[in-house]
Student: 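I have a structure I would like to understand better, so I am pasting it below and will then ask my questions one at a time.
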2 protein chains.
Amino acid sequence: MDSTRTRRRRATINDVASAAGLSRGTVSRVVNGEKYVSPEAKMAVESAIAKVGYVRNSAARNLVRQESRAIGLIIHEPHSLLFEDPNIGSILLGANSVLSAADYQLVSLIIDTARDSQRVADYLRGGLVDGAVIISARTADPIATAVRNLGIPAAFVGHPPGTPDLPYVGIDNVSAARAIVERLLATGRKKVAMIACALDRDSGQDRLEGFRTAVGAAFRPDLVIEFPLYTYAAGADGMAELLRRHPDLDGVFAASDAVAAGAMATLQEHGRRVPEDVGIVGFDDSSWALRCKPQLSTVKQPADLLGRAAAELVLAQIEGKDAEVRMLETSVVWRESA
Amino acid sequence: MDSTRTRRRRATINDVASAAGLSRGTVSRVVNGEKYVSPEAKMAVESAIAKVGYVRNSAARNLVRQESRAIGLIIHEPHSLLFEDPNIGSILLGANSVLSAADYQLVSLIIDTARDSQRVADYLRGGLVDGAVIISARTADPIATAVRNLGIPAAFVGHPPGTPDLPYVGIDNVSAARAIVERLLATGRKKVAMIACALDRDSGQDRLEGFRTAVGAAFRPDLVIEFPLYTYAAGADGMAELLRRHPDLDGVFAASDAVAAGAMATLQEHGRRVPEDVGIVGFDDSSWALRCKPQLSTVKQPADLLGRAAAELVLAQIEGKDAEVRMLETSVVWRESA
DNA sequence: TTGTATGCGTTATCAT
DNA sequence: ATGATAACGCATACAA
């Protein structure tokens, strides 16, 4: 490393003040762009700053101002999701754009182990952020209750049951599911089944409810098969069982795109053509949707808007307004699988 | 919101001290787990802490200790790639695990606009982090030079041309690409094309260079097609164009697995069998590789190790050791696509 | 083992 | 318009 990188004591406001022959107060005013500072003083301070290489110490500033102008975004996802779900990137970007416009710094904190959980809690508690967005699919998340106890402005993206009653943003799974199933029915399907998952979460429950509403009187319990998780395997196995029960079915609503991908594979193995023989629709508009052949018709979640809305919820609380739960609109993306 | 969430003034060490009937010094010692504190005092302090609800103010602590025990990780990616690139998630997790073990908090800062770039630079300058990891900086990235000028311990993941001479970790994209293309050629392919991406980064440049070296005298510019990003769409479109130019090609090197997946889809749509008619190889060994049918032969990139190594480089500098550039090994994973 | 006093670098209040 | 001074909350060297 060359000499320019050797670390020497950082210049303080005092150094600038004496270099400029002015007081700390004046220097501070210049640095913060306040009024009541003469052009000459401003000049002198600016060149002194350049001369001594002054940069403001944020810790000191945060201490006296009692705020950090930073918002934490806590990512607590299983590895597989962090790797593949494009939604999380969009949420991040959405939150960032809102916070950036409000001149807040978004700092993302990831939780991978229990140790992380503790450290992140400490970080939040320490006053290094003025608020937090929590994105987490997990139920009864310890960090979530920790955040609640801190009493700092916070908002969830999604709303796993068992989490503290903090404001959250989400989508209306019931009407979204209903919309895509109605679209499926509109293609002329007569016997539509569902592979339902995660009925212990509201997303799972609500998607089933939407399905039930859409099919109406044609609803039959044995056209629904349930699995605990939104997985490819659930789709593959569930489809096999449904075909055994109802070889004549001509439509399937899978609770997620991954599930749909599994179901499609089983259908094709069993010689059913998609969409000619059986139409299939999914949910999420994740990368699975494009990797299927034919590509999946599905429900698109406005991930970036979720991030934006969550950030707005936090900002509102900081400003003392109270934050309301916000439900966002989804849209049907119609491709080739139905 | 109910009453427990109303914010009141945070308790300080003084509050604890008076509640416990002891001095601030003793309280501080207890909080920091230092020796020379009697069991009785410890008890008294602990219950006082619980009573007044004390949590330490990190800004104050950081100010006096002149360190933050946090490391910034700067993500500077185009929208579409953020988190859809599985490598980023792995790098994040890898860096996090190393820093977590060393009791440092990883804070991720994303740069999406010029405004972000400025704000992140301010954040780093302010002393809110003790070091930084910069991932996928692009050529002549302003934040990269800013970090260098700050003189804080830092390391790059990857090494775009034109960036400051800071330590970095990377893989040898040239020889990795060369290795897999040679393996492809060894299957008897005579006319091998490449879908190249991201030529504004070293990874893109080097993979192309590796390809060129491997094919040697058989290299022809029109067998290479270029795209700005490593995407499925680039693969699909690029393959279509290559087939138009050279209907008789029998091998393809895609610059990433996502690109290869897109290319494979196009090949199959055009009635080419993989690997019988055309052999295809990718790069990354991401989840795309396993979901393709047939599964992709590819280069395994140790993304988590890159994150770990970069974190270690930063930690080493903090400890005053000097950090050396580290190149990590890649390996060819041979499956069914070629 | 405990208490006291000083300083960390800013901002903000109040004079001037 | 500028300067002096008092916080902000904590850690720590030193005194007791």
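In what follows, chains are A, B, ... by sequence order, proteins preceding strands, each numbered from 1. Note that the coordinates shown come from a computational prediction; the quantities given were computed from them, not determined experimentally. Because only heavy atoms are used, hydrogens play no part in the values below, and waters and symmetry mates are left out as well, while side chains stay in.
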Student: How close or far is atom C1' of C:dC8 from atom CG of A:D15, stated in whole angstroms?
Tutor: 13 Å
Student: Counting distance only, does the side-chain N/O of B:D130 pair as donor-acceptor with the main-chain N or O of B:E67 below 3.5 Å?
Tutor: no
Student: I'd like to know if the side chain of A:S18 reaches the main chain of A:N14, judged simply by a donor and an acceptor atom lying under 3.5 Å from each other, with no hydrogens or angles considered.
Tutor: yes
Student: Could you check how far CZ of B:R125 sits from P of C:dT10, rounded to whole Å?
Tutor: 13 Å
Student: side-chain contact (heavy atoms from CB on, under 4.5 Å) with B:I135: which of B:I88, B:N87, B:L92?
Tutor: B:I88
Student: Could you state the CD-P distance from B:E34 to C:dG3, rounded to the nearest angstrom?
Tutor: 15 Å
Student: Residues from residues 40-61 of chain B sitting under 4.0 Å of DNA chain C, heavy atoms only?
Tutor: B:A41
Student: Will you find, in the side chains of B:R61 and B:N32, an N or O donor that is under 3.5 Å from an N or O acceptor?
Tutor: yes
Student: To the nearest Å, give me how far apart CD (B:Q66) and C1' (C:dG7) are.
Tutor: 10 Å
Student: Does B:L313 offer a backbone N or O that forms a donor-acceptor pair with the side chain of B:Q317 under 3.5 Å?
Tutor: yes
Student: Under 4.0 Å, heavy atoms only, any strand: does A:L63 hit a base, just the sugar-phosphate, or nothing?
Tutor: base
Student: For the pair B:V27 and B:V30, evaluate side chain to side chain contact (heavy atoms under 4.5 Å, CB included) and give the outcome as yes or no after the intermediate values.
Tutor: CA-CA 5 Å; B:V27 174; B:V30 171; 5.7 Å; no
Student: Ignoring hydrogens and angles, tell me if any N or O in the side chain of B:R69 forms a donor-acceptor pair with the backbone of B:Q105 under 3.5 Å.
Tutor: no
Student: Under a 4.5 Å cut-off applied to non-hydrogen side-chain atoms, are B:Y168 and B:E324 in contact?
Tutor: no
Student: Would you grab the first and last nucleotide of DNA chain D (5' to 3') that comes under 4.0 Å of any non-hydrogen atom in chain A?
Tutor: D:dA1 to D:dG9
Student: For B:L128 and C:dT10, what is the distance between atoms CG and P respectively, to the nearest whole Å?
Tutor: 13 Å
Student: C:dC14 C1' sits how many Å from A:Y36 OH, rounded?
Tutor: 15 Å
Student: What contact category does A:T12 fall into here, base, sugar-phosphate, or nothing, at under 4.0 angstrom with non-hydrogen atoms?
Tutor: sugar-phosphate
Student: Report which part of the nucleic acid B:V37 touches: base, sugar-phosphate, or nothing (heavy-atom distance under 4.0 Å, all strands).
Tutor: sugar-phosphate
Student: Any side-chain N or O of B:T26 less than 4.0 Å from the OP1 or OP2 oxygen of C:dG3?
Tutor: yes
Student: For A:N62, report the nucleic acid contact type (base, sugar-phosphate, nothing); a contact means any heavy atom under 4.0 Å.
Tutor: nothing
Student: Work out which heavy atom in B:A70 is nearest to a heavy atom in B:L128; give both atom names and the distance.
Tutor: CB-O, 3.8 Å
Student: Please report, rounded to the nearest Å, how far the P atom of C:dT4 is from the CZ atom of B:R29.
Tutor: 11 Å
Student: May I ask you to say what B:N14 touches in the nucleic acid, namely base, sugar-phosphate or nothing, with a heavy-atom cut-off under 4.0 Å?
Tutor: nothing
